[in-house]
Amino acid sequence: MAEITASMVKELRERTDAPMMECKKALTEAAGDMQKAEEILRVRFGNKAAKSAGRVAAEGVVAINISADGKTAAMVEVNCETDFVAKNDDFLALSNALAQMVIDSSPADVAALSALPYAGKTVEEVRTELVGKIGENMSVRRFVRLSAQGKFSSYIHGSKIGVLVDVSGDESIGKDIAMHIAASKPKSLDASGVSQDLIDTERRVAIEKAKEAGKPEAMLEKIAEGTVQKFLKEVTLLSQPFVKDDKQTVEQVLKGKASQCHGFTMFIVGEGIEKKVTDFAAE
């Protein structure tokens, strides 16, 4: 009997996108013959899975679940290739179920989430079957499980932007703050959360622009500091003009409601994924 190595299982999984254990079973059944094992899996899971496994999945949805007491929340991003599949009922059902599983089971990472039971199988097995059934690659990209100091409010914009915000005080303001975050996309709650790299970049750019404009050397630092402060007001939640009343900042609106925002998390579907652009004219 041929020895089935971990590298063989890994190669077959990359070819077919089938679960690891199914790959090992197929290789055993095929006595180590990679081609035959691939054929076995294509029969078992449908030949669409292998064709779609390498394609970029940059569309998808964000799913959110909040516990009944508002103290625990989960947000999951599940990707697919096209917006059409992002509206598929089975795809949406799986995405929403994952958000509930994160609340209930607190998995350590995506691999642990994928190993959880779902519909009599594992999440990974259900995902693989959906790939074969729908004919598109899909993946569980990321999730968070959070605990609130106050209570969570959420907002999902068109299934593509998901926001969780932790607010104490007047709970009615939470949804409005979440909607503001989705629209204005702040980088952090306040200036302390903005990375020093971003601040240094803004400072360097400001100095170079001032030099090109012929500003005196003695004024460069002052100009740069003014630019940095303006930048921080634009990218920090509490300093941004509130979308529903731009005469007030978010911080002023919260104070008016005797409320406080402790933090927020935002997922944007496909953020950071390099999408393939097809130039039909060139072809």
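Excluded from the calculations below are hydrogen atoms, water molecules and symmetry mates; all remaining heavy atoms, backbone and side chain alike, are included.
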Polar contact flag, side-chain donor to acceptor under 3.5 angstrom, Asp190-Ser192: yes
Any side-chain to backbone donor/acceptor pair from Asn79 onto Glu59? Under 3.5 Å, distance only. yes
With side chain to side chain donor-acceptor pair (under 3.5 Å) as the criterion, how do Gln100 and Asn96 come out once you've worked through the C-alpha distance, each side chain's angles and the decisive distance to 0.1 Å? CA-CA 7 Å; Gln100 182 64 56; Asn96 290 321; over 6 Å; no
Will you find, in the side chains of Glu136 and Thr82, an N or O donor that is under 3.5 Å from an N or O acceptor? yes
Can you tell me if NZ on Lys185 sees more than 12 non-hydrogen neighbours from other groups inside 6.0 Å? yes
In a check of salt bridge (charged side-chain N to carboxylate O under 4.0 Å, His left out) between Lys87 and each of Asp83, Asp89, Asp90, which one passes? Asp83
Test item: Arg145 side-chain N/O and Ile103 main-chain N/O as donor-acceptor pair under 3.5 Å: yes
Rounded to the nearest 0.5 Å, what separation is found between the CG atom of Leu238 and the NZ atom of Lys255? 9.0 Å
When rounded to the nearest 0.5 angstrom, what is the spacing between OG in Ser259 and CG in Leu254? 6.0 Å
Separation of Lys233 NZ from Lys230 NZ (nearest 0.5 Å): 10.0 Å
Is Glu29 paired with Lys36 through a side-chain N to carboxylate O contact shorter than 4.0 Å? no
Should Val243 and Met179 be marked as a side-chain contact (heavy atoms from CB on, under 4.5 Å) after you check the CA-CA gap, both sets of side-chain angles, and the distance that decides it? CA-CA 9 Å; Val243 290; Met179 291 174 68; 5.8 Å; no
Identify whether the distance between the nearest side-chain nitrogen and carboxylate oxygen of Glu225 and Arg203 falls below 4.0 Å. yes
Per the side-chain contact (heavy atoms from CB on, under 4.5 Å) rule, which among Val62, Asn65, Val102, Ile64 passes with Val76? Val102
Carboxylate-amine/guanidinium contact Asp176 Lys244, below 4.0 Å: yes
Salt-bridge contact Lys209-Glu212 (side-chain N to carboxylate O under 4.0 Å): no
Going from CD1 on Ile207 to CG on Leu220, what distance comes out if it is rounded to the nearest 0.5 angstrom? 6.0 Å
Atom NZ of residue position Lys71 - does it have more than 12 heavy atoms of other residues, nucleotides or ligands inside 6.0 Å? yes
Within 6.0 angstrom of Gln252 CD, more than 12 heavy atoms from elsewhere: yes
Can a salt bridge be assigned to the pair Glu129 and Lys133 using a cut-off of 4.0 Å between side-chain N and carboxylate O? no
